[in-house]
Amino acid sequence: MSSETTKRIPMDNQLYIYNTLGRKKELFEPLHAPNAGLYVCGPTVYGDPHLGHARPAITFDILFRYLKHLGYKVRYVRNITDVGHLENDADEGEDKVAKKARLEQLEPMEVVQYYLNRYHRAMDALNVLPPSIEPQASGHIIEQIRLVKEILDKGYAYESNGSIYFDVPKYNRDYPYGILSGRNIDEMLSTTRELDGQEEKRNSVDFALWKKASPEHIMHWPSPWSEGFPGWHLECTAMSKKYLGEVFDIHGGGMDLIFPHHECEIAQAVASEGKQAVRYWMHNNMVTINGQKMGKSLGNFINLEEFFNGTHPLLTQPYAPMTIRFFILQAHYRSTVDFSNEALQASEKGLARLMEAYDNIDRLQPQPGELKKEIGELMTKCYEALNDDLNTPIAISYLFEATRIINSALAGQTNISTQDAEALKKLFDTFLFDLMGIKDEMKDGNASYESFAKAIDMLLDMRQQAKENKDWATSDKIRNELTALGFEIKDTKDGFEWKLNK
RNA sequence: GGUUCCUUGGCCGAGUGGCUAGGCACCGGUCUGCAAAACCGUCUACGGCGGUUCGAAUCCGCCAGGAACCUCCA
């Protein structure tokens, strides 16, 4: 699909990733190099995307970008859940959407499309690359029904009143259930709460593969057992198998999906195929707010659009998409990251400093000479950081080291060679832009930027004239009014610099 | 109650046995017409109590506090 796949995989670049199954870092060795398969649980599109959705999207975007950078031909599948979760729960927030669909006489698929579009728009703003395939659960009912049949044939499921349930205790006699989450079935049997509809199930730990639709249920399909809809966990197993094969490399998602979702996926795959489908399980941690998980059920989430506009009451200002992205990358993906205005502002300023340093590389006046060892090592260290389970905060810390080197040279305090300057530019191009996916929101895709920039330059040239005439009133007026408009004006040895703070 | 995990300087956040990231804020200095920015410097932390060790933020135990999962959730 792209020419970059011809790149040779560097032998010394060995990526280690933390496998939740086994809870340790493991060398990543794809099953069918140079191909690599990646499946990530995407959103259930029944509400606006919030900060929590940005975390896995960005985490696995980095993985996607890095695997491609290492020369792998990556097939990245990220699903869209559009059936099974829409209306069959008691939570008011979710009910409202289904209710709204009915009240406004919308097709459920209109609701789905609406939020899917908004999700895509937010991901685009965050510079999250689209996956190779983005399958929707509702488009794979046939595959899911087939999977249910296979599990029934193997004897690990049973029918009850038109619904099909996975027989967890029976499965557990042949294969260990709970290996991903570290649970054992006896404890679960003794601690699982009683839930509605459980009378159909033989055991409280069993889960639905196919549910018979109640009369008021909007979305339903014909099946050998009933008019109904697929169970919660089925789609990922069916779609990953279809697009990545019976066994594939990496499956990602949020930590909150480990149980029951991913545990059930393992059970479904093993029950139907007799073997595990996933070789590396990766899980990103949660975004918290005041130390608590940001999420729908707690009602403490902030939509991405609210961040971009600054419209949520908890926000003291708007935050650019790249600020959000950088903020998330400044924490390791397996740590929780706590939202606060202070933390976001720190990220905003830090990122601005990096972007400025990058622009400053072009202002340097490098001399012919050798590459400084210190600079040459930064590239290696950044690779080592990413190879160590995608340690983006460490890689970022080296970019800040590079920033100090650049600014120090610009201030005339140190010398810099042509090779140094090239290496620094390559460091930023590779790690900040290509791999971490930061972009210059002002310049990228803005055709009129150049005219705009020249107009500001002209104003500042006039100010420069005034300064030379010691007309401080005029020079300060220009500076103050530009500052009021959000510009930051800097006087330098031989002129001026400016930037627009959003 | 069960399972898993966390507690790092004013804030955020890396780091798994010695070399003690990084960002933001603060303070001092250089620079500047004044500023801003930048640069240099300062501040040097690992919840508590024990233990292992020549040596622990890092390993072990206990205690305290917190979180996630056990129900849909990224």
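No experiment lies behind these values; they were computed from the predicted model shown. Computation of the quantities below employed the complete heavy-atom set of this structure, encompassing side-chain atoms and omitting hydrogens, waters and symmetry-equivalent molecules. Residue numbers start from 1 in every chain, and the chains themselves are labelled A, B, ... in the order their sequence lines are given, proteins ahead of strands.
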With the side chain of Asp491(A) defined as its heavy atoms from C-beta on, choose the nearest nucleotide among C5(B), C34(B), C12(B).
-> C34(B)
Under 3.5 Å, which protein N or O atoms sit close to an N or O of nucleotides 6-8 of chain B? Give each pair with its distance.
none

So, Glu235(A) and Asn79(A): side-chain donor and acceptor under 3.5 Å apart, yes or no?
-> yes
Mapping Pro43(A) and Arg463(A) onto RNA chain B by nearest heavy atom, which one lands closer to the 5' end?
-> Arg463(A)
How about Tyr39(A) and Tyr76(A): are their ring centroids closer than 6.0 Å?
-> no
When Tyr398(A) and His53(A) are each assigned the nearest nucleotide of RNA chain B, the 5'-most assignment goes to Tyr398(A)
Would you tell me if any nitrogen or oxygen in the side chain of Lys293(A) comes within less than 4.0 Å of OP1 or OP2 on C69(B)?
-> yes
Would you please say whether a donor-acceptor pair under 3.5 Å links the side chains of Tyr243(A) and His140(A)?
-> yes
Whole-Å distance between A68(B) P and Met294(A) CE?
-> 13 Å
Which atom pairs link the protein and nucleotides 38-40 of chain B when you take only N or O atoms and keep those under 3.5 Å?
residue: A38(B); atom: O3'; partner: Asn407(A); partner atom: ND2; Å: 3.2
residue: C39(B); atom: OP1; partner: Arg353(A); partner atom: NH2; Å: 3.2
residue: C39(B); atom: OP1; partner: Asn407(A); partner atom: ND2; Å: 3.1
residue: C39(B); atom: O2'; partner: Gln413(A); partner atom: OE1; Å: 2.2
residue: C39(B); atom: O2'; partner: Gln413(A); partner atom: NE2; Å: 2.8

Can you sort out the partners of His261(A) under ring-ring contact (aromatic ring centres under 6.0 Å, His included), two or more places apart, ordered by chain and number?
-> His233(A)
Rounded to the nearest Å, what distance is computed from the CD atom of residue Gln292(A) to the P atom of nucleotide G65(B)?
-> 17 Å
Distance in angstrom units between Ile396(A) CD1 and A21(B) P, rounded = 18 Å
Apply side chain to side chain contact (heavy atoms under 4.5 Å, CB included) to the pair Lys467(A) and Trp472(A), showing each step before the final yes or no.
-> CA-CA 6 Å; Lys467(A) 278 176 69 180; Trp472(A) 309 128; 4.1 Å; yes
To the nearest Å, give me how far apart CG (Leu180(A)) and C1' (U3(B)) are.
-> 13 Å
Answer with yes or no whether the side chains of Ser335(A) and Asn285(A) bring together a donor and an acceptor at under 3.5 Å.
-> no
Taking atom types as modelled, find out whether Gln268(A) and Thr237(A) have a side-chain donor-acceptor pair closer than 3.5 angstrom.
-> yes
Using a 4.0 Å heavy-atom cut-off across all strands, classify His50(A) as base, sugar-phosphate, or nothing.
-> base
May I ask you to verify whether the side chain of Asp186(A) and the base of G2(B) hold a donor-acceptor pair under 3.5 Å?
-> no
Against the side chain of Asp256(A), the closest entry in C69(B), G23(B), C72(B) is C69(B)
Could you tell me whether Gly253(A) contacts a base, only the sugar-phosphate backbone, or nothing, with contacts defined as non-hydrogen atoms closer than 4.0 Å?
-> sugar-phosphate
Heavy atoms from other residues, nucleotides or ligands near CG of Asn469(A) exceed 12 (cutoff 6.0 Å) | yes
Sugar-phosphate, base or nothing in reach of Asn184(A), heavy atoms under 4.0 Å | nothing
Would you please name every residue forming a ring-ring contact (aromatic ring centres under 6.0 Å, His included) with Phe431(A), sequence neighbours left out?
-> Tyr383(A)
Any side-chain donor near an acceptor of the partner, Asp388(A) and Asn391(A), under 3.5 Å | no
Indicate, with a heavy-atom threshold strictly under 4.0 Å, whether Val287(A) touches base, sugar-phosphate, or nothing.
-> base
Protein N or O to nucleotides 14-17 of chain B N or O, pairs below 3.5 Å:
residue: A14(B); atom: OP1; partner: His332(A); partner atom: N; Å: 2.5
residue: A14(B); atom: OP1; partner: Ser335(A); partner atom: OG; Å: 3.0
residue: A14(B); atom: O3'; partner: Asn391(A); partner atom: ND2; Å: 3.3
residue: G15(B); atom: OP1; partner: Asn391(A); partner atom: ND2; Å: 3.0

Kindly confirm whether the side-chain ring of Trp472(A) is stacked on the base of G33(B), judged by centres under 5.5 Å and planes under 30°.
-> yes
List for me each residue that meets ring-ring contact (aromatic ring centres under 6.0 Å, His included) alongside Phe327(A), sequence neighbours excluded, and say none if there are none.
-> none
Would you indicate which nucleotide in A21(B), A25(B), A74(B) comes nearest to any side-chain atom of Lys349(A)?
-> A25(B)
Mind telling me whether Phe433(A) and Tyr358(A) have parallel, tilted or perpendicular rings, with 30° and 60° as the class edges?
-> perpendicular
Select base, sugar-phosphate, or nothing to describe what Ser347(A) touches, counting heavy atoms under 4.0 Å on all strands.
-> nothing
Could you tell me how the ring of Tyr177(A) sits relative to the ring of Tyr171(A): parallel (under 30°), tilted (30 to 60°) or perpendicular (over 60°)?
-> perpendicular
Which listed nucleotide (U4(B), C70(B), G22(B)) is nearest to the side chain of Arg183(A)?
-> C70(B)
Where the side chain of Arg479(A) is concerned, which of C34(B), A74(B), C70(B) is the nearest nucleotide?
-> C34(B)
Base, sugar-phosphate alone, or nothing: which one does Met286(A) contact when heavy atoms must sit under 4.0 Å apart?
-> base
Atom CG of Leu460(A) and atom P of A35(B): how far apart are they, to the nearest Å?
-> 20 Å
